[in-house]
Amino acid sequence: MTDALKSYMSRNVPRYTSYPTAPHFSDAVGPQDYARWLSALDPKAPVSLYLHVPFCRELCWYCGCNMKLAKRDAPVAAYAQTLIREIDLLSRHLPGRMEISHLHWGGGTPTALVPDDLERAMDAVRGTFRVTSDAELAIESDPRTLTPAMIERIGKLGFTRASFGVQEFDPKVQKAINRVQPPEMVRASVEGLRAAGVTGINFDLIYGLPHQTVETLLDTIRLCVQMRPDRIALFGYAHVPWMARKQRLIDETALPGVDARLMQSQAAAAALIQAGYVAIGLDHFALPSDSMAKSARDGTLRRNFQGYTTDQAETMLGVGATSIGRSPSGYVQNLSETGAWARAVEGGELPVGKGLALTQDDKLRGHVIERLMCCGEVDLDAAAQHGRAAAEWYSELEPELRALERDGLITRRGGHLSLTDKGTPLVRVVASVFDAYLPATTARHAIAV
């Protein structure tokens, strides 16, 4: 590995599930702005819906999410009731009864809800929106706490996809991150959901965990492949204890270094491809028959706060504490403290805590970054025409682009930029060249690989 390549790998850069990224949201955007943006939506255009449950029944030390440990049902039940009220509140600001093409329950752990509360919330969604017959309805789950009753209810409610955080099956690694779940536990959940009619199964794996090696990760992949999930996401562990306090419980001396992380990432990707999965974007893999693989082939793959997606809606409505929404006008994020969020909803006010209004330059750079993240290439001149920008809009970036080209991460033909095989694992670094907000906040992000 050259010194230049190692330097790129060690850079702190965002994951680019949005642009601008969430650290740049501010209280300059509030409830009145969001209400105005919602009323301006095209009532005929489909939207996607994200519902956030910030509760988990178990604590995972690697997790960087804003979550609460729920050992009692009462706080979760109260949260569910407020969530339903927020759905109704949101509907009052929309220009009509809109159509939903994608729905995603995330967290936290959405299945921390009891089955009846999940059903009541889904009834509220269907009462407020028109859910298309081919809509993807997805839910995240924890196999350690997923009950047979919840599995049955998820099937009854028509969910089409379920996601599991497998991360790693090695017992030593699981103990080091406080997520102990043997393969048999995950397999039982997968088989139960498939029997209930949930046809799409996603697994999340993580490399770069404490005590993890290439061998333990490959053994995990072997066990996962036996369960044949439709999609597998392979994430690099982002150790950011200054942001995620739970991560302070992890032994930093047991974390693999940059070279070891790269070896784990490359070995895992090769094993998944060998097993018949198609590599998609930075860190996703899917069976060739899966809709995400088809979307990658035809160039319609998108990226949002759930990662890579087939969702084509330009508007995503976020419901629940901490949830993030997106519209053509900008981003909003709900209040993260559940008490403040609930008080706003109960008071009849959209519970927006912060956000960001998009400029034309934001939209142009966001388009370029998304195309790089999704396709590995972008036509900068065509992007300028689409974004009504001057042809030389990226001239100030020439020194950085020439450096990437010299170091073998990209090739250029006129305004057309493509990642090389060497540059593909470092797509976040290449994308960051177009990030006008990055220099002031590099310390907030995880390393590139």
Side-chain angles (χ1 to χ4, degrees), residues 15 17 48-60 62-70 76 79-80 83 100 102-115 117-119 121-122 125 135-147 149-155 157-168 177 179 181 185-190 192-194 196-206 224 227 229-235 238 244 246 283-284 286 290 292 303-311 316-324 334:
R15 293 189 183 276
T17 52
S48 60
L49 185 65
Y50 174 74
L51 303 104
H52 189 79
V53 177
F55 295 98
C56 290
R57 299 293 185 175
E58 302 285 348
L59 186 69
C60 303
Y62 64 86
C63 180
C65 299
N66 183 12
M67 53 74 65
K68 293 190 172 196
L69 186 63
V76 186
Y79 180 90
L83 194 76
I100 287 181
H102 273 68
L103 177 147
H104 188 102
W105 282 86
T109 307
T111 52
L113 300 175
V114 298
D117 282 340
L118 179 65
E119 182 163 1
M122 288 300 292
V125 168
E136 178 168 285
L137 308 181
I139 189 166
E140 298 173 9
S141 181
D142 184 341
R144 296 172 299 174
T145 57
L146 183 63
T147 65
M150 181 59 91
I151 288 175
E152 181 184 7
R153 196 68 59 93
I154 287 171
L157 292 172
F159 281 89
T160 61
R161 187 168 296 279
S163 297
F164 294 99
V166 172
Q167 322 313 2
E168 164 70 86
I177 61 175
R179 189 180 179 103
Q181 50 182 23
M185 180 183 289
V186 176
R187 182 177 287 107
S189 294
V190 169
L193 283 163
R194 283 176 170 155
V198 182
T199 57
I201 300 294
N202 295 10
F203 281 178
D204 288 348
L205 303 179
I206 297 180
C224 288
M227 302 180 214
D230 304 87
R231 300 176 186 172
I232 294 178
L234 176 67
F235 300 121
K246 296 183 290 296
D283 47 23
H284 278 49
D290 185 81
M292 184 171 284
R303 189 163 173 82
N304 63 20
F305 289 100
Q306 282 75 60
Y308 289 107
T309 179
T310 60
D311 182 11
M316 180 171 66
L317 304 174
V319 179
T322 313
S323 68
I324 297 177
N334 277 355

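Please read all numbers here as calculations on a predicted model, not as lab measurements.
The two residues Gly107 and Cys65 come nearest to each other via the heavy atoms O-SG, 3.9 Å. Closest heavy-atom contact between Ala244 and Gly64: CB-CA, 3.7 Å. Between Asn334 and Gly318, the closest heavy-atom pair is ND2-O, 4.0 Å. Listed here is the closest heavy atom pair of Leu205 and Cys224: CD2-SG, 3.8 Å. Nearest heavy atom pair, residue Arg179 against residue Cys60, reads NH1-SG, 3.3 Å. Taking all atoms of both residues into account, the shortest heavy-atom contact from Pro143 to Val186 is CG-CG2, 3.9 Å.
Under the 3.5 Å distance criterion, the side-chain polar atoms of Glu152 are left unmatched by any main-chain donor or acceptor of Pro115. At least one donor-acceptor pair under 3.5 Å links the side chain of Thr160 to the backbone N or O of Leu137. Under the 3.5 Å distance criterion, the side-chain polar atoms of Tyr308 are left unmatched by any main-chain donor or acceptor of Ala233.
Using a 4.5 Å heavy-atom cutoff, the side chains of Leu59 and Met67 are in contact. With contacts defined as side-chain heavy-atom distances shorter than 4.5 Å, the pair Leu157/Glu119 qualifies. Looking only at side-chain heavy atoms (C-beta outward), Met292 and Asp230 stay at 4.5 Å or farther from each other. Looking only at side-chain heavy atoms (C-beta outward), Leu51 and Val125 come within less than 4.5 Å of each other. Counting only heavy atoms from C-beta outward, the side chains of Phe203 and Met227 approach each other to under 4.5 Å.
Between Val76 and the options Asp117, Val114, Thr109, Leu113, a side-chain contact (heavy atoms from CB on, under 4.5 Å) holds for only Leu113. Evaluated for a side chain to side chain donor-acceptor pair (under 3.5 Å) with Asn202, the options Glu140, Arg161, His284 yield exactly one hit, Arg161.
For the atom pair CG of Leu49 and CG of Leu103, the computed distance is 5.0 Å after rounding to the nearest 0.5 Å. Note that the CE atom of Met150 and the CD1 atom of Ile139 stand 6.0 Å from one another [nearest 0.5 Å]. The CG atom of Leu317 sits 7.5 Å away from the CD1 atom of Ile100 when rounded to the nearest 0.5 Å. In this structure, CZ in Phe159 is found 11.5 Å from CZ in Arg153, a value given to the nearest 0.5 Å. Atom CE of Met316 sits about 6.0 Å away from atom CZ of Phe305, to the nearest 0.5 Å. Expressed to the nearest 0.5 Å, how far CE of Met122 lies from CH2 of Trp105 amounts to 7.5 Å.
For residues 102-112, there are no salt bridge (Lys or Arg N to Asp or Glu O under 4.0 Å) pairs, not counting sequence neighbours.
For Arg231, the salt bridge (Lys or Arg N to Asp or Glu O under 4.0 Å) criterion is met by Glu136, Asp290, not counting sequence neighbours. Residues meeting the salt bridge (Lys or Arg N to Asp or Glu O under 4.0 Å) test with Arg144, sequence neighbours left out: Asp142.
Classified by interplanar angle (parallel below 30°, tilted 30° to 60°, perpendicular above 60°), the ring pair Tyr50/His104 is parallel.
Residue-environment remark: CD (Gln306) exceeds the threshold of 12 foreign heavy atoms within 6.0 Å.
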